[in-house]
2 protein chains.
Amino acid sequence: MTLPLSNTLQDYLEAILILTEQDEAVRISDLAQLLGITKPSVTEGVKALAAQGLLRHEKYGPVFLTAEGEKMATEVRHRHLVLKQFLINVLGVSPALAEKDACLMEHAVSSDTVARLVQFMEKRLQES
Amino acid sequence: MTLPLSNTLQDYLEAILILTEQDEAVRISDLAQLLGITKPSVTEGVKALAAQGLLRHEKYGPVFLTAEGEKMATEVRHRHLVLKQFLINVLGVSPALAEKDACLMEHAVSSDTVARLVQFMEKRLQES
DNA sequence: CAAAAGTGTTAGGACATCCTAACTTTTAAA
DNA sequence: TTTAAAAGTTAGGATGTCCTAACACTTTTG
């Protein structure tokens, strides 16, 4: 049913989620700018995501995540945020580098590892 | 001069390093098996690495890392090992999953973050 | 409301990586 | 030493992701 999404398309979902929460409507142009790619590329990616039922998009219109798409986007962002917090608060990595690393690592870590990172940081807070 | 290698080609280098240390000669077939891809794909990848001066390969012969190739391979493996140790010893991830996660994460973490992970684990050992 | 500016799409192509099928070379065994 | 098995290569094709150029639609604004 739901095949695993490529890293690239996960990035699209995450970007759409972020834009959804700050703008009213998410446009192809906004995505292109945030993702740092051209509009034709975004159009293509959006088409693929729509074909998987992860978002809704009508020609020349804005983009909306479906429930399933939002769920996946939220998971990706969760991984991103957990990793970033770990890098900054535990390792002392600079925020800018943490952001960069987290962008890549979010596609590499398993759910189990993320859950353990969360646990680890909680325990660490209690102990201090 | 040295353009950044793709994740795929970094994996090739790492595999060659591992095989180099356990067998006398590294063959295309060995690599194909270890990487889980077909021989034609390996032939192609090896050609690309040879073109970048990272390994030496004559038709129908074995594969040898150059000094530069070995250096890069060692770096990749270092990232891999540091991550794996962290996952197992600090987070308590199972060895099998740690291996899997490290395989992907090794292409995502910056040198700075790896260095900090090492530091973190050293400090942690001293404190215990 | 017409024209300019902005937004989105289509077409066509590049590149990396993988594959299968068919062929060649090398190695090993009868 | 010839032949069968194994190893390696080549050719040709698929897929995913990106691009530029050109075109189509929409929005803004004079």
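In what follows, chains are A, B, ... by sequence order, proteins preceding strands, each numbered from 1.
- Residue Y12(B) contributes atom OH, which lies 8 Å from atom P of dT17(C) at whole-angstrom precision.
- At a threshold of 4.5 Å between non-hydrogen side-chain atoms, the residues D11(A) and H107(A) count as touching.
- Residue Q10(A) forms a side-chain hydrogen bond (donor to acceptor under 3.5 Å, both in side chains) with just one option from E106(A), R79(A), E75(A), R77(A), and that option is R79(A).
- Rounded to a whole Å, the CG atom of N7(A) is 14 Å from the P atom of dG16(D).
- Between S6(B) and the phosphate of dT17(C), there is a side-chain N or O to OP1/OP2 separation shorter than 4.0 Å.
- Between S29(A) and dG6(C) there is no side-chain polar atom (N or O) within less than 4.0 angstrom of OP1 or OP2.
- Between the NE2 atom of H107(B) and the C1' atom of dA16(C) there is a distance of 15 Å, rounded to whole Å.
- Two residues are said to be in side-chain contact when any heavy atoms from C-beta on lie closer than 4.5 Å; V63(B) and L19(B) fail this criterion.
- Near DNA chain C, meaning a heavy atom under 4.0 Å from it, residues 35-49 of chain A has K39(A), P40(A), T43(A) in order of number.
- Counting heavy atoms from C-beta on, the side chains of Y12(A) and I37(A) come closer than 4.5 Å.
- Place L9(A) and Y60(A) on DNA chain D by their nearest nucleotides, and L9(A) ends up nearer the 5' end.
- Between L54(B) and L5(B), the closest side-chain pair of non-hydrogen atoms falls below 4.5 Å.
- Rounded to whole Å, the distance from CD1 on I28(B) to C1' on dC19(C) is 16 Å.
- Per the geometry, NE2 belonging to H57(A) stands 8 Å off C1' belonging to dG8(C), to the nearest Å.
- Taking 4.5 Å as the limit, some side-chain heavy atom of R56(A) sits within range of a side-chain heavy atom of T66(A).
- To the nearest angstrom, P of dC15(C) lies 14 Å from CG of L3(B).
- For the pair R27(A) CZ and dG6(C) C1', the computed distance is 9 Å after rounding to whole Å.
- Proximity of K59(B) to the phosphate of dA7(D): no side-chain N or O atom is located under 4.0 Å from OP1 or OP2.
- Put simply, the side chain of V76(A) does not reach to within 4.5 Å of the side chain of H80(A), judged on heavy atoms.
- Between L5(B) atom CG and dA16(C) atom P there is a gap of 12 Å when expressed in whole angstrom units.
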